[in-house]
Structure formats: structure tokens, C-alpha cells
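Quantities reported herein were computed from a predicted structural model and do not represent experimental measurements.
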Amino acid sequence: MPMNSLKDVYHDQLQDLYSANKQSLDVVVALGGAAKDKELSEALIAGSNGISDGMEKIAEICNAHGISPTGEHCKGMEGLVAEAKAHALEEDFGDDDVRDAMIITQYQRMVHYALAGYGCLVAFANRLGKDEDGAILQECLDQTYDGDRRMTDIATGGVNKAAA
């Protein structure tokens, strides 16, 4: 589909973020299972629930616009997921706290991709006068920021200290 308008970009990016969320979901669940720190594991479970919720909301928006949410494959998240698997799940670690520090690193990289995606989508929806979409996407953006801050708190509150 040629990109001829902001609406076209908006639709493309809705599909891209849906794909990104879908690809990241399984690895976030796996990261939660690999984490030894209880608070970290619980935060990752909450993160996976947030990803699922975001996918549902994006799918609803896509359906309302007459497009399939699965119309795009996000190569950016594909790379981030591969990195998370390689560096946090398949790597050998001599210390569980060190693995937890790496899990946080890889998770936050994926989250930051989602933050950029949601932020752009909010701006596009608002510019296009899609106020209801904008409000839904802003809620997803806010929840994603909350998850990112929680992960930073976990890292600086104890995981990184324990890994040192």
C-alpha cells in the first residue's frame, strides 16, 4: 500500500505496533519465568498482561478503521526479541542476579520501542481528529511508561546492586 497521507502512515504504524506487541509477548513471558527476583518476575507478568491488553486495543482500533491488525511484520521488534533471547535466555550466567540485570536491560529495550510506537500513534490520532483512538492509545502509552518506570525502580532498588 503506498503511503499517500498521514492516515496511511497511521494505519501502517498501528499494524506495526500490533506486530511488535505480538512478537514480544512470548519472550516477555519467558523472561518472567527466567527471572529469580520475585518483584521482577511479577513485573514481567504484569508487563505481559499490558502487552496483551495493548494488542486488544490496537486490534479494536484497526477493526474500526477496516484494516487487519496483522497486516504488517515489525522487523525492529523481531531484532529486539532475538537479542532478548540470545542475551537473557540462552546466555550462560554464573549468577542469577546478573541474569536478572540482563533481563531488565532486554525488557526495557523492547518497552522503549513500544513507547516510541504508542507516542507516534497518539500524535497521529490526535492530528487526524481521531480523539477516541488518541485517548485509547494515550492510556496504552501511560501504562507502558508506568511499566518502564517500575522496571527502572526494580533495577536501581536492588537487582543491579545484587548483581554487582
Chemist: Given side chains that start at C-beta, do those of Val29 and Leu44 come closer than 4.5 Å, heavy atoms only?
Modeler: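 Not in contact.
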Chemist: Does a side-chain heavy-atom distance below 4.5 Å link Ser48 with Leu25?
Modeler: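 Yes, their side chains come closer than 4.5 Å.
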Chemist: Checking Arg99 side chain against Ala88 main chain: does a donor-acceptor pair fall under 3.5 Å?
Modeler: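 Yes: the side chain of Arg99 pairs with the backbone of Ala88.
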Chemist: Determine whether a donor-acceptor pair (N or O, by modelled atom type, separation under 3.5 Å) exists between the side chain of Asp16 and the backbone of Asp12.
Modeler: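 It does not hold such a pair.
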Chemist: Heavy atoms, side chains only, cut-off 4.5 Å: are Phe93 and Ile103 in contact?
Modeler: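 No, every pair of side-chain atoms sits at 4.5 Å or beyond.
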Chemist: Do the side chain of Gln138 and the main chain of Val122 share a donor and acceptor less than 3.5 angstrom apart?
Modeler: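 It does not hold such a pair.
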Chemist: side-chain contact (heavy atoms from CB on, under 4.5 Å), that's the test. Do Tyr113 and Arg109 meet it? Break it down for me.
Modeler: CA-CA 7 Å; Tyr113 188 96; Arg109 287 182 177 165; over 6 Å; no
Chemist: Any salt bridge (charged side-chain N to carboxylate O under 4.0 Å, His left out) pairs touching residues 39-56, not counting sequence neighbours?
Modeler: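 Every pair satisfying salt bridge (charged side-chain N to carboxylate O under 4.0 Å, His left out) with a residue in residues 39-56: Lys38-Glu42, Asp53-Lys57.
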Chemist: Strictly distance-based, threshold 3.5 Å: is any side-chain N or O of Asp133 a donor or acceptor partner for the main-chain N or O of Lys130?
Modeler: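 A pair under 3.5 Å: no.
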Chemist: Would you say that Leu141 contacts Leu137 through its side chain, given a criterion of any heavy-atom pair below 4.5 Å between the two side chains?
Modeler: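 A side-chain contact under 4.5 Å is absent here.
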Chemist: Between the side chain of Thr144 and the main-chain N/O of Leu115, is any donor-acceptor distance below 3.5 Å?
Modeler: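 Side chain of Thr144 to backbone of Leu115, a donor-acceptor pair under 3.5 Å: no, none is there.
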Chemist: Are the side chains of Gln13 and Val9 in touch, meaning some heavy atoms are under 4.5 Å apart?
Modeler: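 A side-chain contact exists here, since the closest heavy-atom pair is under 4.5 Å.
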Chemist: Identify the two heavy atoms, one from Ala43 and one from Ile154, that lie closest to each other, and give their separation to 0.1 Å.
Modeler: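 What the structure gives for the nearest pair is CB-CD1, 3.6 Å.
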Chemist: May I ask you to decide if Val81's main-chain N or O and Gln23's side chain share a donor-acceptor pair within less than 3.5 Å?
Modeler: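 No, Gln23 side chain to Val81 backbone: no donor-acceptor pair under 3.5 Å.
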Chemist: Report yes or no: do Glu91 and His87 form a side-chain donor-acceptor pair below 3.5 Å?
Modeler: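 Their side chains do not contain a donor-acceptor pair, so the 3.5 Å distance test is not met.
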Chemist: If only atom types and distance count, is the side chain of Asp100 paired as donor or acceptor with the main-chain N or O of Asp37 below 3.5 Å?
Modeler: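 Flag set: sc Asp100 to bb Asp37 pair under 3.5 Å.
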Chemist: Heavy-atom count around Glu132 CD within 6.0 Å, excluding the residue itself: above 12?
Modeler: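 Counting other residues, nucleotides and ligands, CD of Glu132 stays at 12 neighbours or fewer.
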Chemist: Determine whether Tyr18 and Ile61 satisfy the following criterion, side-chain contact (heavy atoms from CB on, under 4.5 Å), listing intermediate values before the conclusion.
Modeler: CA-CA 11 Å; Tyr18 183 88; Ile61 292 170; over 6 Å; no
Chemist: Salt bridge (charged side-chain N to carboxylate O under 4.0 Å, His left out), that's the test. Do Arg150 and Asp153 meet it? Break it down for me.
Modeler: CA-CA 5 Å; Arg150 181 176 181 193; Asp153 290 345; over 6 Å; no
Chemist: Heavy atoms, side chains only, cut-off 4.5 Å: are Met151 and Tyr107 in contact?
Modeler: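 Met151 reaches Tyr107 side chain to side chain.
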Chemist: Is any side-chain heavy atom of Gln108 closer than 4.5 Å to one of Thr152?
Modeler: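 Result yes, sub-4.5 Å side-chain heavy-atom pair found.
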Chemist: Determine whether Leu14 and Pro69 make a side-chain contact, defined as any pair of heavy atoms from C-beta on separated by less than 4.5 Å.
Modeler: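 No - every pair of side-chain heavy atoms lies 4.5 Å or more apart.
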Chemist: Just by modelled atom types, is the Gln15 backbone N or O under 3.5 Å from a matching donor or acceptor in the Ser19 side chain?
Modeler: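 Not a single qualifying donor-acceptor pair exists.
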